[in-house]
Amino acid sequence: MESSNRNPIKHITFSENDHFKPETTGGGKSTPHKKVTNEFKDSLLNSIQSLTNTIGFQKNTTIAVVELESNAIAKSHRPTEIFNDKTCPFFGDIGYAKHLIQVTPTGLLALKEKISNSNSKIAKKHISAIKSISKYEAKIDINEKEEAISVRLFRFNSVEKNQNLDDDFESFLNNFDCQWKKHPSNKVRLYRVIGSTREVLQSLPNFAGVQSVISSKCIQLKPMMKSGKNLTAPTILPPDQITNYPIIAVVDSGISSCAPIAPWIAGRTSCVAPAYKNDEHGTFVGGLITNSFNLNNNDPRFPICQSKIFSVEVLGNNVGDLYDIIEKMHEVAQDNPQIKVWNLSLGTSEPVSKYEISTMAIMLDEFQDKYDCLCVVAAGNFEDSFRVWPPTQELMDGISSPGDSVRSLTVGSIAHIDGFVKNLEPSHFSRKGPVSNYVQKPEVVHFGGNIMINSGQPVILGVNSIDSHGNSHSDIGTSFSTPIVSSIAANLFEKIGERANPCLIKALIIHNSNLNNSIDDKDKPYYGWGKPQDSEEILNVKDYESTMVFEGLAQKSFEIEKLPFPIPECLRTDDGKVRAEFFITLVYHPELDPQRAFEYCQMNIDVGFGKIENGEFKSLVPLQKEQHLFEKDLVINGDKWSPIKVYKKRFPRGTDIKDWKLRVSVMDRVGYEAQGVLIPFTIALTIRDIDKVQPVYNEMSKLMDQYNWEVSDLVINNKIQV
């Protein structure tokens, strides 16, 4: 019989004694990646001459692409002997194995000499890593009739070069009858251009330094598909005077002042002209934030937690301007630092590229870092066809922007009732990951509806909320699974208090999903790690398990360990083996480089839980990786460089380890100056009795005290219960 006891999660702080500096080993071997023939060197020199001819009259520093051999991607193999500040330095990438270099006439001349005269063993190894060199072609795939475009310029590792590029581009724009505005972002140099867009687009290929061009009005809302049923006013009680409700910023269309939702609105702002106002979508989203449980017939699978709303109205007639959305978000965040969760049930209509982070995602990452908050973003809706489950063909149903934001929590949709797909299966419209660098998106799912086909026509089996008139109706979309998770996140912030931070909140939600769902690896692109429980359930632990949260700051060249790590005796068999299951979630916030797509995350943190064997650490959770895997294999299959790592391991027959060890290690990207950089991280670790009967919680609590760990309850409830 399962225990129903509710115990608090334990919070552990790493001590100074837990940090140590391991011995370092030498670099990689000097073996070439392929044979460097004279013919190959000549082909590289011809490519460089072609670049020289192309950029001979360019005023600005321009850009070229160096593609590396697939076995030369790892940090130790990067050909920095060839591409450096004396020639043409690396400064970014546009996907797997495709690196960007800064190109100038003098740099190309030095590069030619470097390759021509390279006879040493090391130089040949570096040349052997190169596959090809070619000019970068700006991504300008846009309708010339667009009334507003957003032009993104490259950023170099030089303030002077960046300023010169900005000045030259502004002079270029001033040649046209257009209005332009430069976004103040430090991470992305973005210009919005209105007027004469056709002429500007025709001339842009001649301007060096343009990275990409997109429609400024690229953000959309899925049109409402109201079921037409239950058009009656729902019973939504107003907020009581005792509870401290968190406030969620709803970045959406407007929110109606209808009776059911009006008392829950804590504030509002708008950049939408009255003629374009449409409150339907935002009101439906807002209803789910305030009361998804009651609105959905008290279904216990919906959370009972509730939140208030700050309406950030940025979409008119279901369309929004990327520039305006980000600008308005900054404005609201500056005036409302208490808002920790931002709901974005919006996105583009196309899947993001696997080879770059979208512009809006980068700007959301910058926004979250600046205001220490968490954006909860819809995975997006795939509407080209009704996708069956499991899918029978490869579809263009990847995550839409800004769902590829690595700091955000991205939410997919599952069905809550049988229909076209079965209950708890991914909704036919929910988009899948991973995104660039094989980062898993979505991280979690919640209920976003289903359909059934009747006489060839779809019938909505949606989640319930309210329309702008205050009546009940149902609808489908990841737009509506997202606010349910937003309310869970906001209530976690509220319950935990000052100790709460985005890293911790994400870790708790993802860890809870992993604890309570069994997602097959092949299905993870759609489910992430599953559906989280209510905030109250997330924070409570059963008697037969112990959940600990470790928080710390990782840095280059240092490792962190807890050794020995106590294991309750009740989990050991008669012959001393540990029979239990372990769940680990690691979430960290590495520094990000917007000029890199495949290498956006600048540092990698690994966590391992295992033993010392023959003087070396061997992880059992996760299992030790094979050392011979190529870098791409580690990225795809081992989550290398991914800022979220989630594992589970079950030992039904027991594992023979006496002294356990928890270990955290750090690696940085080549060329990244990481000395002294501190990376916040959170580890959630659960030890559970397989049979769900042993007193794991009590025994583990006593052991942590005996080991003098710096431990406390994660939630310290100082409120007077009434």
Side-chain angles (χ1 to χ4, degrees), residues 6-22 372 492-493 495-508 510-512 515 538-543 545-571 580 582-589 605-612 617 619 621 645 657-666 676-688 695-719:
R6 303 162 76 84
N7 306 293
I9 293 173
K10 294 296 184 182
H11 181 275
I12 296 104
T13 302
F14 287 107
S15 68
E16 288 297 320
N17 295 333
D18 296 328
H19 292 72
F20 72 101
K21 199 164 187 174
D372 193 31
L492 288 173
F493 269 106
K495 291 172 187 295
I496 295 170
E498 293 183 1
R499 184 181 268 167
N501 60 71
C503 224
L504 172 62
I505 301 305
K506 279 195 292 185
L508 289 172
I510 294 167
H511 189 71
N512 176 263
L515 271 174
I538 289 174
L539 293 171
N540 284 289
V541 184
K542 301 285 178 55
D543 283 351
E545 62 190 12
S546 177
T547 296
M548 296 150 278
V549 165
F550 299 82
E551 291 195 281
L553 296 169
Q555 61 179 309
K556 180 182 178 181
S557 303
F558 282 86
E559 292 185 1
I560 302 171
E561 65 180 10
K562 278 288 186 187
L563 174 68
F565 194 102
I567 300 292
E569 282 299 316
C570 66
L571 293 176
F582 298 88
F583 303 81
I584 299 177
T585 301
L586 167 68
V587 177
Y588 60 97
H589 279 184
I605 298 183
D606 278 321
V607 62
F609 194 50
K611 61 182 178 178
I612 301 293
F617 175 70
S619 177
V621 190
K645 296 177 171 67
I657 301 179
K658 182 182 178 183
D659 294 321
W660 289 74
K661 174 181 178 180
L662 179 69
R663 181 183 185 223
V664 182
S665 57
V666 180
V677 175
L678 299 177
I679 316 160
F681 71 90
T682 299
I683 297 170
L685 189 155
T686 294
I687 304 172
R688 177 185 284 173
V696 176
Y697 187 88
N698 285 340
E699 283 198 25
M700 192 66 196
S701 296
K702 291 175 183 176
L703 285 169
M704 287 188 283
D705 287 339
Q706 290 174 19
Y707 280 64
N708 294 317
W709 284 9
E710 189 177 331
V711 60
S712 61
D713 292 344
L714 178 61
V715 177
I716 301 171
N717 192 354
N718 296 320
K719 298 173 186 175

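Note that the coordinates shown come from a computational prediction; the quantities given were computed from them, not determined experimentally.
A heavy-atom distance below 4.5 Å is not found between the side chains of L714 and T547. No side-chain heavy atom of V607 sits less than 4.5 Å from a side-chain heavy atom of L685. Contact annotation: the side chain of P502 approaches that of D372 to within less than 4.5 Å [non-hydrogen atoms, C-beta and beyond]. Within the 4.5 Å cutoff, side-chain heavy atoms of V587 are placed close to those of C503. Contact check for F617 versus S665: no side-chain heavy atoms found under the 4.5 Å cut-off.
Between the side chains of N7 and D543, at least one donor-acceptor pair of N or O atoms lies under 3.5 Å.
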Would you sort out whether V549 and H511 count as a side-chain contact (heavy atoms from CB on, under 4.5 Å), showing the intermediate values? CA-CA 10 Å; V549 165; H511 189 71; over 6 Å; no
Please walk me through it: do V666 and I560 pass side-chain contact (heavy atoms from CB on, under 4.5 Å)? CA-CA 9 Å; V666 180; I560 302 171; over 6 Å; no
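For D18, the side-chain hydrogen bond (donor to acceptor under 3.5 Å, both in side chains) test picks out S15, K562, with sequence neighbours left out. With sequence neighbours excluded, the residues forming a side-chain hydrogen bond (donor to acceptor under 3.5 Å, both in side chains) with E561 are K661, listed by chain and number.
With rounding to the nearest 0.5 angstrom, the NZ atom of K10 is 6.0 Å from the CE atom of M704. Remark: D713 CG to I496 CD1 distance equals 12.0 Å, nearest 0.5 Å. Note: E551 CD to I683 CD1 = 10.0 Å, rounded to the nearest 0.5 Å. Once rounded to the nearest 0.5 Å, the distance linking CD1 of I567 with CD1 of I687 reads 4.0 Å. In this structure, CG on D606 lies 9.0 Å from CZ on R663, to the nearest 0.5 angstrom. Between I538 atom CD1 and L492 atom CG the span is 5.0 Å, to the nearest 0.5 Å.
Shown here for F681 and L553, the closest heavy-atom pair between the two residues is CE2-N, 3.6 Å. In terms of heavy-atom proximity, F609 sits nearest to I584 at CB-CD1, 3.7 Å. Among all heavy-atom pairs drawn from W709 and P566, the shortest one is CZ2-CD, 3.5 Å. Minimum heavy-atom separation, R499 to L504: O-CD2, 4.0 Å.
Here the side chain of E699 pairs a donor or acceptor atom with the backbone of E569 at under 3.5 angstrom.
Using cut-offs of 30° and 60° for the angle between ring planes, the F14 and H19 rings count as perpendicular. Under the 30°/60° scheme for interplanar angles, the aromatic rings of F565 and F550 are found to be tilted.
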